[in-house]
Amino acid sequence: MKRILITGAAGQIGTELASRLRDRYGPAMILPTDIRDPAAWASLGPAEQLDCLDLEALREVVRRFGPTDIFHLAAILSAAAEENPLRAYQINMDGLVNVLQVAAETGCRVFTPSSIAAFGPETPRDPAPQSTLQRPTTMYGVTKVAGELLCDYYHARFGVDARGLRFPGLISYTAPPGGGTTDYAVDIFHAALDQGRYTCFLKPDTRMDMMYMPDAIRAIIELMEAPAASLVHRNAFNVTAMHFTPAELADAIRDHVPGFEIDYDPDPLRQAIADSWPERLDDSEAREQWGWRHEYELADMVADMFRGLRAHMAQAAVGAAGR
Ligand code: SER
């Protein structure tokens, strides 16, 4: 039986993951936590405030809830990390090492996401192999590589079953991303519906890996349910789904918002980050070792984003009319 503690549960991944895990394992078996007050984000069941940097507080929650698994999502994304690199280092590294330490003490399994950001300009760009040169040039990337190594270390030294995925940019409509370089691929949908136009902070031909959130959530669950014996890598699996540029995404959006306009005002910081990442990950090891398959291609994802966002807007309008 699974009991899952989630950290960073109010974020872009956590919001959707918590709801899928509640459906799959039962609401009482899932405890979402976040540094933010649950009054501001948790409406669907028990949830708690937890700062992963506070090791004793983390130990106390784990003692009380008794999880079999910790899904550790609390982190600062790439562009936000460059605003305050020291803080990003502390949150991304100290948070993870605390989770791994408590897992070693209690026998929990751990899931934590890595990223395309774990690669750098010297990595082969298309595709980036599973095992390759990793010399990232961002603080976020430094913490992701170190995090991958920490997971391997805690497995080798203390037997912690720590698993992870190198995610590409994640696209979703439920909760906004916070401070990533791939965020344009979410912002553009809101702008298309609100204003019919968008100014992109990356150049039109910046090709990056992306994945729709339902695929990402399924990847997490499938990896954590995969028999350990089938995993050669266990941690830091490349996974991907689509590879597009802002100009190609804008074209796909025009199928749903005729006349949609895009212009470009590249932000030097985020453009440099994007240029340092691969265009495409080679995820054949994930496909072979635990059967990873993506479902959503660009056109399916765009159609579903507009369906979801329009449903949200309609619901919000009904709510506003009822007040
Ligand atoms: N989406 C993340 C970012 O842009 C990459 O992992 O920071």
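Atoms within a ligand are numbered from 1 in the order they appear, just like the ligands themselves. Just the heavy atoms: all of them, side chains too, but no hydrogens, waters or symmetry mates, feed the values below.
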Close N or O approach (D183, ligand 1; < 3.5 Å) | no

Of all protein heavy atoms, the one nearest atom 2 (C) of ligand 1 is T182 OG1, 3.9 Å

Under 4.0 Å, heavy atoms only, figure out whether ligand 1 is touched by the backbone of S78, its side chain, both or neither.
-> both

When you check the gap from the basic side-chain N to the acidic O, do D34 and R36 get nearer than 4.0 Å?
-> yes

Quick look: Y184 vs ligand 1, heavy-atom contacts under 4.0 Å, and the answer is neither

Any side-chain heavy atom of E56 within less than 4.5 Å of one from E60?
-> no

Could you list the atoms of ligand 1 found under 4.0 angstrom from a heavy atom of W277?
-> 3 (C), 4 (O), 5 (C), 7 (O)

Tell me whether the centres of the aromatic rings in F189 and Y173 are closer together than 6.0 Å.
-> no

Identify, by atom number and element, the atoms of ligand 1 in contact range of S115, meaning under 4.0 Å from any of its heavy atoms.
-> 5 (C), 6 (O)

Enumerate the atoms of ligand 1 whose separation from the nearest heavy atom of L77 is less than 4.0 angstrom.
-> 7 (O)

NZ/NE/NH1/NH2 to OD/OE distance under 4.0 Å, R270 and E82 = no

Does the side chain to side chain donor-acceptor pair (under 3.5 Å) test come out yes or no for Q134 and R166, once each step is laid out?
-> CA-CA 12 Å; Q134 292 181 259; R166 290 184 187 132; 3.3 Å; yes

Contact check: T181 vs ligand 1, nitrogen or oxygen atoms, below 3.5 angstrom | yes

Any atoms of ligand 1 less than 4.0 Å from a non-hydrogen atom of Y140? List them with their elements.
-> 5 (C), 6 (O), 7 (O)

Y25, OH: over 12 other non-hydrogen atoms inside 6.0 angstrom | yes

Ring centroid separation for F111 and H72, is it under 6.0 angstrom?
-> no

